[in-house]
Amino acid sequence: MIEIREFQNADSPVLSDLWCIHYATYRSPPAVNHAIFDQAVSSRLFFDRSRLLIAIDGRETVAWCQWFPGENRVGWLAALCFHTHPNAAAAASLLLRRVERDALTSGFGKIVVGVPCDIGWGYQGLEPIGHGIGVDVADDRTNTLLEAAGYHELKRIDRWEVGTMAYRLPVNRDLLLLQRSTRVQRIATPALEPTVAAMLIQFEREWYSVVDMRRGISLGSIEVWTSDPEAMVMPSNEAILASWSLPPSSPTETSLKAPGDDTAIRHLIASVIPELTQRRITSLHRCVLTDDTLHAATLIAAGFSRTSVGRLLTKKISH
(Lines give C-alpha, C1' and ligand atoms only; values in the text may rest on other atoms or scores of the structure.)
Protein backbone atom coordinates (compact mmCIF):
# COMPACT_ATOMS: atom_id res chain seq x y z
CA MET A 1 0.00 0.00 0.00
CA ILE A 2 1.30 3.44 -0.95
CA GLU A 3 1.63 5.97 1.86
CA ILE A 4 2.06 9.72 1.34
CA ARG A 5 3.68 11.86 3.99
CA GLU A 6 5.51 15.18 4.38
CA PHE A 7 9.27 15.66 4.17
CA GLN A 8 11.51 14.67 7.08
CA ASN A 9 15.15 15.69 7.53
CA ALA A 10 16.45 12.17 7.01
CA ASP A 11 14.84 12.00 3.55
CA SER A 12 17.37 14.13 1.66
CA PRO A 13 19.79 11.36 0.58
CA VAL A 14 16.95 9.22 -0.77
CA LEU A 15 15.34 12.15 -2.58
CA SER A 16 18.58 13.15 -4.29
CA ASP A 17 19.10 9.53 -5.38
CA LEU A 18 15.57 9.41 -6.75
CA TRP A 19 16.16 12.69 -8.59
CA CYS A 20 19.10 11.07 -10.41
CA ILE A 21 17.19 7.83 -11.11
CA HIS A 22 14.24 9.73 -12.56
CA TYR A 23 16.27 11.86 -14.98
CA ALA A 24 18.62 9.03 -15.95
CA THR A 25 15.71 7.35 -17.74
CA TYR A 26 16.11 9.74 -20.70
CA ARG A 27 19.52 11.45 -20.31
CA SER A 28 22.89 10.97 -18.63
CA PRO A 29 22.55 10.92 -14.83
CA PRO A 30 22.64 14.46 -13.41
CA ALA A 31 25.49 15.47 -11.11
CA VAL A 32 23.32 15.86 -7.99
CA ASN A 33 24.12 14.43 -4.57
CA HIS A 34 22.80 14.79 -1.04
CA ALA A 35 24.78 17.96 -0.27
CA ILE A 36 23.79 19.68 -3.52
CA PHE A 37 20.14 18.80 -3.00
CA ASP A 38 20.18 20.24 0.51
CA GLN A 39 21.77 23.47 -0.72
CA ALA A 40 19.23 23.80 -3.52
CA VAL A 41 16.04 22.74 -1.82
CA SER A 42 15.73 21.67 1.82
CA SER A 43 17.97 24.29 3.45
CA ARG A 44 16.33 27.32 1.83
CA LEU A 45 14.65 30.03 3.89
CA PHE A 46 11.38 29.62 1.98
CA PHE A 47 11.33 25.81 2.32
CA ASP A 48 8.03 24.44 3.63
CA ARG A 49 8.13 20.76 4.50
CA SER A 50 4.36 20.44 4.11
CA ARG A 51 4.72 21.13 0.37
CA LEU A 52 7.40 18.50 -0.26
CA LEU A 53 5.46 15.25 -0.36
CA ILE A 54 6.87 11.73 -0.41
CA ALA A 55 5.26 8.48 -1.60
CA ILE A 56 6.38 5.28 0.11
CA ASP A 57 5.60 1.78 -1.12
CA GLY A 58 6.26 -0.63 1.72
CA ARG A 59 9.50 0.73 3.12
CA GLU A 60 10.85 2.21 -0.09
CA THR A 61 10.52 5.80 -1.27
CA VAL A 62 9.29 5.55 -4.87
CA ALA A 63 8.19 9.12 -5.69
CA TRP A 64 8.25 12.69 -4.39
CA CYS A 65 7.16 16.15 -5.46
CA GLN A 66 7.31 19.75 -4.28
CA TRP A 67 4.95 22.62 -5.02
CA PHE A 68 4.97 26.34 -4.25
CA PRO A 69 2.32 29.06 -3.98
CA GLY A 70 2.33 31.58 -6.81
CA GLU A 71 0.48 34.73 -7.75
CA ASN A 72 -3.05 34.91 -9.13
CA ARG A 73 -4.15 31.72 -7.33
CA VAL A 74 -1.61 29.58 -9.23
CA GLY A 75 0.23 26.73 -7.55
CA TRP A 76 3.55 25.72 -9.14
CA LEU A 77 4.63 22.07 -9.12
CA ALA A 78 8.39 22.49 -9.42
CA ALA A 79 9.48 18.87 -9.01
CA LEU A 80 7.94 15.46 -9.65
CA CYS A 81 10.30 12.47 -9.51
CA PHE A 82 9.45 8.79 -9.48
CA HIS A 83 11.35 5.52 -9.60
CA THR A 84 11.34 2.97 -12.42
CA HIS A 85 9.57 0.43 -10.19
CA PRO A 86 6.17 -0.84 -11.41
CA ASN A 87 4.24 0.97 -8.67
CA ALA A 88 6.16 4.26 -8.95
CA ALA A 89 3.97 5.84 -11.65
CA ALA A 90 0.85 5.03 -9.63
CA ALA A 91 2.51 6.64 -6.59
CA ALA A 92 3.31 9.75 -8.64
CA SER A 93 -0.34 9.95 -9.72
CA LEU A 94 -1.40 9.84 -6.08
CA LEU A 95 1.05 12.64 -5.32
CA LEU A 96 -0.48 14.74 -8.10
CA ARG A 97 -3.95 14.29 -6.66
CA ARG A 98 -2.66 15.18 -3.19
CA VAL A 99 -1.04 18.38 -4.50
CA GLU A 100 -4.24 19.35 -6.29
CA ARG A 101 -6.25 18.75 -3.12
CA ASP A 102 -3.84 20.72 -0.92
CA ALA A 103 -3.63 23.58 -3.43
CA LEU A 104 -7.41 23.75 -3.73
CA THR A 105 -7.80 23.80 0.05
CA SER A 106 -5.28 26.67 0.18
CA GLY A 107 -7.33 28.73 -2.27
CA PHE A 108 -5.54 28.01 -5.55
CA GLY A 109 -7.45 27.46 -8.77
CA LYS A 110 -4.76 26.24 -11.14
CA ILE A 111 -1.58 24.13 -11.11
CA VAL A 112 1.36 24.76 -13.45
CA VAL A 113 4.03 22.07 -13.72
CA GLY A 114 7.68 22.81 -14.44
CA VAL A 115 10.40 25.32 -13.55
CA PRO A 116 10.38 28.26 -16.01
CA CYS A 117 13.31 30.58 -16.66
CA ASP A 118 11.89 33.46 -14.60
CA ILE A 119 11.03 31.62 -11.35
CA GLY A 120 13.45 29.55 -9.31
CA TRP A 121 12.49 28.20 -5.85
CA GLY A 122 16.06 26.88 -5.62
CA TYR A 123 15.73 24.55 -8.61
CA GLN A 124 17.23 26.84 -11.25
CA GLY A 125 20.80 25.74 -11.91
CA LEU A 126 20.20 22.30 -10.43
CA GLU A 127 21.08 19.79 -13.14
CA PRO A 128 19.27 19.21 -15.49
CA ILE A 129 16.93 22.18 -14.79
CA GLY A 130 19.49 24.82 -15.80
CA HIS A 131 17.86 28.14 -16.63
CA GLY A 132 14.47 26.41 -16.69
CA ILE A 133 12.64 24.71 -19.56
CA GLY A 134 9.72 23.30 -17.59
CA VAL A 135 9.26 19.57 -18.28
CA ASP A 136 11.68 18.31 -20.94
CA VAL A 137 9.78 16.86 -23.91
CA ALA A 138 12.22 13.93 -23.77
CA ASP A 139 10.86 13.00 -20.33
CA ASP A 140 8.19 10.70 -21.75
CA ARG A 141 7.23 9.18 -18.39
CA THR A 142 6.39 12.53 -16.79
CA ASN A 143 4.63 13.95 -19.83
CA THR A 144 2.50 10.83 -20.23
CA LEU A 145 1.56 10.81 -16.55
CA LEU A 146 0.61 14.50 -16.56
CA GLU A 147 -1.47 14.25 -19.71
CA ALA A 148 -3.31 11.23 -18.32
CA ALA A 149 -4.12 13.33 -15.23
CA GLY A 150 -5.71 16.06 -17.34
CA TYR A 151 -2.78 18.48 -17.77
CA HIS A 152 -2.25 20.24 -21.08
CA GLU A 153 0.56 22.27 -22.59
CA LEU A 154 0.69 25.94 -21.62
CA LYS A 155 3.98 27.10 -23.18
CA ARG A 156 7.01 25.68 -24.94
CA ILE A 157 10.52 26.72 -23.93
CA ASP A 158 13.78 26.17 -25.84
CA ARG A 159 17.23 25.80 -24.34
CA TRP A 160 20.01 27.41 -26.38
CA GLU A 161 23.65 26.71 -25.67
CA VAL A 162 27.11 27.69 -26.90
CA GLY A 163 30.51 26.23 -26.04
CA THR A 164 33.06 28.76 -24.82
CA MET A 165 36.38 26.97 -25.38
CA ALA A 166 36.57 27.39 -29.16
CA TYR A 167 34.08 30.23 -29.48
CA ARG A 168 34.29 32.48 -32.52
CA LEU A 169 31.60 35.02 -33.34
CA PRO A 170 31.16 35.68 -37.08
CA VAL A 171 32.49 39.19 -37.66
CA ASN A 172 30.82 41.77 -39.89
CA ARG A 173 31.31 45.49 -40.50
CA ASP A 174 28.98 46.56 -37.68
CA LEU A 175 30.75 44.37 -35.14
CA LEU A 176 34.14 45.69 -36.21
CA LEU A 177 32.89 49.26 -35.72
CA LEU A 178 31.67 48.36 -32.22
CA GLN A 179 35.00 46.82 -31.31
CA ARG A 180 36.77 50.07 -32.21
CA SER A 181 34.31 52.54 -30.70
CA THR A 182 33.11 50.88 -27.49
CA ARG A 183 34.39 49.40 -24.25
CA VAL A 184 32.93 46.53 -22.24
CA GLN A 185 32.73 47.00 -18.50
CA ARG A 186 31.43 45.21 -15.45
CA ILE A 187 28.64 47.19 -13.79
CA ALA A 188 26.99 47.06 -10.39
CA THR A 189 24.47 44.25 -10.04
CA PRO A 190 20.95 45.62 -9.49
CA ALA A 191 19.31 44.68 -6.21
CA LEU A 192 16.47 42.17 -6.22
CA GLU A 193 13.34 41.90 -4.15
CA PRO A 194 14.05 39.77 -1.04
CA THR A 195 11.88 36.87 -2.23
CA VAL A 196 13.56 36.70 -5.64
CA ALA A 197 17.02 37.14 -4.09
CA ALA A 198 16.34 34.15 -1.82
CA MET A 199 15.40 32.05 -4.86
CA LEU A 200 18.64 32.93 -6.66
CA ILE A 201 21.09 32.73 -3.77
CA GLN A 202 22.86 29.77 -5.42
CA PHE A 203 24.15 32.07 -8.19
CA GLU A 204 26.77 34.76 -8.56
CA ARG A 205 24.98 37.43 -10.62
CA GLU A 206 27.19 39.49 -12.93
CA TRP A 207 26.21 42.42 -15.15
CA TYR A 208 28.17 43.68 -18.15
CA SER A 209 27.59 46.73 -20.33
CA VAL A 210 28.94 47.88 -23.68
CA VAL A 211 29.53 51.66 -23.65
CA ASP A 212 29.97 54.03 -26.60
CA MET A 213 33.29 55.77 -25.80
CA ARG A 214 32.43 58.97 -27.66
CA ARG A 215 28.98 59.55 -26.15
CA GLY A 216 29.48 57.72 -22.86
CA ILE A 217 26.16 55.89 -23.11
CA SER A 218 25.34 52.22 -22.76
CA LEU A 219 24.37 50.43 -25.95
CA GLY A 220 23.29 47.25 -24.18
CA SER A 221 23.80 45.04 -21.16
CA ILE A 222 23.67 41.37 -20.24
CA GLU A 223 23.24 39.47 -16.98
CA VAL A 224 25.23 36.26 -16.45
CA TRP A 225 24.70 33.76 -13.65
CA THR A 226 27.59 31.56 -12.52
CA SER A 227 27.67 28.99 -9.75
CA ASP A 228 28.15 30.35 -6.24
CA PRO A 229 31.38 28.70 -5.02
CA GLU A 230 29.88 27.92 -1.62
CA ALA A 231 26.47 26.65 -2.73
CA MET A 232 27.72 24.72 -5.79
CA VAL A 233 24.17 23.96 -6.93
CA MET A 234 24.91 24.53 -10.62
CA PRO A 235 27.92 22.74 -12.14
CA SER A 236 30.90 25.09 -11.95
CA ASN A 237 31.65 24.70 -15.66
CA GLU A 238 28.29 26.15 -16.71
CA ALA A 239 26.91 29.69 -16.87
CA ILE A 240 23.49 31.10 -17.68
CA LEU A 241 22.82 34.10 -19.90
CA ALA A 242 19.96 35.21 -17.68
CA SER A 243 18.83 38.37 -19.49
CA TRP A 244 19.83 41.16 -21.81
CA SER A 245 18.58 44.64 -22.57
CA LEU A 246 18.96 47.31 -25.22
CA PRO A 247 17.96 50.96 -24.88
CA PRO A 248 14.28 51.07 -25.93
CA SER A 249 13.72 52.73 -29.28
CA SER A 250 10.54 54.36 -28.00
CA PRO A 251 9.02 55.10 -24.58
CA THR A 252 6.45 52.34 -25.10
CA GLU A 253 8.99 49.54 -25.69
CA THR A 254 10.33 47.52 -22.79
CA SER A 255 14.05 47.08 -22.22
CA LEU A 256 13.46 43.49 -21.07
CA LYS A 257 12.95 42.48 -24.68
CA ALA A 258 15.51 43.12 -27.37
CA PRO A 259 13.90 45.49 -29.86
CA GLY A 260 15.72 46.63 -32.94
CA ASP A 261 19.40 46.06 -33.67
CA ASP A 262 20.98 43.34 -31.51
CA THR A 263 24.58 43.87 -32.68
CA ALA A 264 25.57 45.33 -29.30
CA ILE A 265 24.32 42.23 -27.49
CA ARG A 266 26.22 39.89 -29.81
CA HIS A 267 29.36 41.96 -29.34
CA LEU A 268 28.89 41.92 -25.58
CA ILE A 269 28.42 38.14 -25.47
CA ALA A 270 31.54 37.65 -27.61
CA SER A 271 33.53 39.95 -25.28
CA VAL A 272 32.43 38.24 -22.05
CA ILE A 273 32.92 34.62 -23.19
CA PRO A 274 36.77 34.78 -23.07
CA GLU A 275 36.53 35.81 -19.41
CA LEU A 276 34.25 32.85 -18.73
CA THR A 277 36.72 30.55 -20.49
CA GLN A 278 39.53 31.73 -18.19
CA ARG A 279 37.34 30.64 -15.26
CA ARG A 280 36.97 27.16 -16.79
CA ILE A 281 33.34 27.72 -17.73
CA THR A 282 32.81 25.61 -20.84
CA SER A 283 29.20 26.37 -21.75
CA LEU A 284 26.79 29.30 -21.67
CA HIS A 285 23.08 28.68 -22.06
CA ARG A 286 19.78 30.52 -22.07
CA CYS A 287 16.13 29.47 -22.18
CA VAL A 288 13.51 31.45 -24.10
CA LEU A 289 9.92 30.86 -25.15
CA THR A 290 9.70 28.93 -28.41
CA ASP A 291 7.56 31.62 -30.03
CA ASP A 292 10.01 34.41 -29.11
CA THR A 293 11.59 34.65 -32.54
CA LEU A 294 13.50 37.88 -31.80
CA HIS A 295 15.45 36.27 -28.98
CA ALA A 296 16.01 33.10 -30.98
CA ALA A 297 17.40 35.07 -33.93
CA THR A 298 19.84 36.90 -31.67
CA LEU A 299 21.03 33.66 -30.09
CA ILE A 300 21.54 32.02 -33.48
CA ALA A 301 23.50 35.04 -34.72
CA ALA A 302 25.64 34.84 -31.56
CA GLY A 303 26.54 31.22 -32.28
CA PHE A 304 24.09 29.42 -29.97
CA SER A 305 22.42 26.13 -30.91
CA ARG A 306 19.12 24.77 -29.61
CA THR A 307 19.91 21.74 -27.45
CA SER A 308 16.58 20.81 -25.85
CA VAL A 309 12.91 21.72 -25.66
CA GLY A 310 10.58 21.73 -22.69
CA ARG A 311 7.10 22.79 -21.83
CA LEU A 312 4.98 24.05 -18.97
CA LEU A 313 1.79 22.09 -18.36
CA THR A 314 -1.29 23.31 -16.55
CA LYS A 315 -4.62 22.17 -15.15
CA LYS A 316 -7.53 24.00 -13.57
CA ILE A 317 -8.61 22.52 -10.26
CA SER A 318 -12.00 22.78 -8.61
CA HIS A 319 -14.27 21.01 -6.15
Side-chain angles (χ1 to χ4, degrees), residues 23-31 114-118 123-140 143 153 155-172 174-176 178-179 184 203 206 208 210 220-227 234-246 256-312:
Y23 286 107
T25 59
Y26 70 92
R27 65 179 305 281
S28 58
V115 176
C117 50
D118 54 353
Y123 284 94
Q124 278 188 344
L126 185 66
E127 195 176 3
I129 299 297
H131 192 200
I133 61 168
V135 179
D136 198 314
V137 296
D139 188 354
D140 291 332
N143 283 288
E153 185 174 305
K155 296 177 182 178
R156 286 224 166 192
I157 306 172
D158 297 336
R159 172 174 168 139
W160 296 82
E161 189 167 356
V162 65
T164 65
M165 302 306 289
Y167 180 76
R168 275 183 170 274
L169 177 68
V171 176
N172 57 29
D174 291 336
L175 284 170
L176 287 173
L178 276 176
Q179 289 176 5
V184 173
F203 297 117
E206 305 169 4
Y208 299 88
V210 55
S221 61
I222 63 173
E223 180 182 9
V224 176
W225 296 345
T226 58
S227 179
M234 184 169 68
S236 60
N237 67 327
E238 295 183 10
I240 294 172
L241 178 58
S243 65
W244 69 60
S245 64
L246 288 169
L256 294 179
K257 294 288 185 181
D261 183 15
D262 62 357
T263 307
I265 297 300
R266 286 184 280 141
H267 170 60
L268 194 48
I269 292 171
S271 300
V272 170
I273 280 181
E275 179 181 330
L276 300 178
T277 304
Q278 292 177 3
R279 292 152 59 182
R280 300 184 179 179
I281 294 173
T282 59
S283 69
L284 177 67
H285 72 269
R286 174 168 172 77
C287 292
V288 297
L289 294 176
T290 300
D291 59 5
D292 193 339
T293 55
L294 282 177
H295 270 86
T298 298
L299 292 168
I300 292 171
F304 286 68
S305 300
R306 184 168 54 192
T307 56
S308 56
V309 180
R311 57 186 191 153
L312 300 176

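Everything numeric here is computed off the predicted structure, so don't read it as measured data.
- Counting heavy atoms from C-beta outward, L312 and E153 have side chains that stay 4.5 Å or more apart.
- Contact of the M165 side chain with the T277 side chain is registered, since non-hydrogen atoms from C-beta on lie closer than 4.5 Å.
- Contact of the I265 side chain with the L246 side chain is registered, since non-hydrogen atoms from C-beta on lie closer than 4.5 Å.
- Partners of S305 under the side chain to side chain contact (heavy atoms under 4.5 Å, CB included) rule, at least two apart in sequence or in another chain, do not exist in this structure.
- The distance from atom SG of C287 to atom CZ of R159, rounded to the nearest 0.5 Å, is 6.0 Å.
- In this structure, the side chain of E127 engages the main chain of A31 through a donor-acceptor pair within 3.5 Å.
- The CD1 atom of I129 sits 12.5 Å away from atom SG of C117, with the distance rounded to the nearest 0.5 Å.
- Side-chain atoms of R306 never come within 3.5 Å of backbone atoms of D158 as a donor-acceptor pair (strictly under, hydrogens ignored).
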Practice problem: Apply side-chain contact (heavy atoms from CB on, under 4.5 Å) to V224 and I240, showing your working. | Solution: CA-CA 6 Å; V224 176; I240 294 172; over 6 Å; no
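- To the nearest 0.5 Å, atom CG of residue D174 and atom OG1 of residue T263 are 5.0 Å apart.
- In this structure, the side chains of V288 and R286 come closer than 4.5 Å at one or more pairs of heavy atoms.
- Annotation: the span from L299 atom CG to L241 atom CG amounts to 7.0 Å, rounded to 0.5 Å.
- A side-chain donor-acceptor contact under 3.5 Å links S227 to the backbone of M234.
- Ring orientation note: the planes of F203 and W225 are close to parallel, at an angle under 30° on the 30°/60° scale.
- For the pair T226/R279, a side-chain contact is recorded, criterion being any heavy-atom separation below 4.5 Å from C-beta on.
- In this structure, a donor-acceptor pair under 3.5 Å is present between the side chains of N237 and T282.
- Side chain of H285 to main chain of H131: a donor-acceptor pair is present (N/O by atom type, distance under 3.5 Å, no hydrogens or angles).
- Checked by atom type and distance alone, the side chain of E223 never pairs as donor or acceptor with a backbone atom of A242 at under 3.5 Å.
- Residues V309 and I157 form no side-chain contact, since every pair of their non-hydrogen atoms from C-beta on lies 4.5 Å or further apart.
- Remark: side-chain polar atoms of S221 are not paired, donor with acceptor, to backbone N or O of Y208 under 3.5 angstrom.
- The line from CD1 of I222 to OG of S271 is 8.5 Å long, rounded to the nearest 0.5 Å.
- Note that CG of L268 and CZ of R266 are 12.5 Å apart. Values are rounded to the nearest 0.5 Å.
- In this structure, Y167 and A302 approach most closely via the heavy-atom pair OH-O, 2.6 Å.
- Taking both residues in full, the closest heavy atoms of S308 and I133 are given as OG-CD1, 3.7 Å, listed atom of the first, atom of the second, then distance.
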Practice problem: Any chance you could lay out the side-chain contact (heavy atoms from CB on, under 4.5 Å) test for F304 and L284, step after step, and finish with the verdict? | Solution: CA-CA 9 Å; F304 286 68; L284 177 67; 3.9 Å; yes
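- Taking 4.5 Å as the limit, every side-chain heavy atom of W160 sits out of range of all side-chain heavy atoms of H295.
- Contact between D140 and V137 at its shortest, heavy atoms only, is OD1-O, 3.6 Å.
- When all heavy atoms of P128 and Y26 are compared, the pair lying nearest together is CG-OH, 4.4 Å.
- Listed for the T298 side chain is a donor-acceptor partner under 3.5 Å among the backbone atoms of L294.
- Without hydrogens or angle criteria, T290 side chain to R156 main chain gives a donor-acceptor distance under 3.5 Å.
- Between the side chain of N143 and the backbone N or O of D136 there is at least one donor-acceptor pair closer than 3.5 Å.
- E238 is not listed as a side-chain neighbour of I281, based on a closest heavy-atom distance of 4.5 Å or more.
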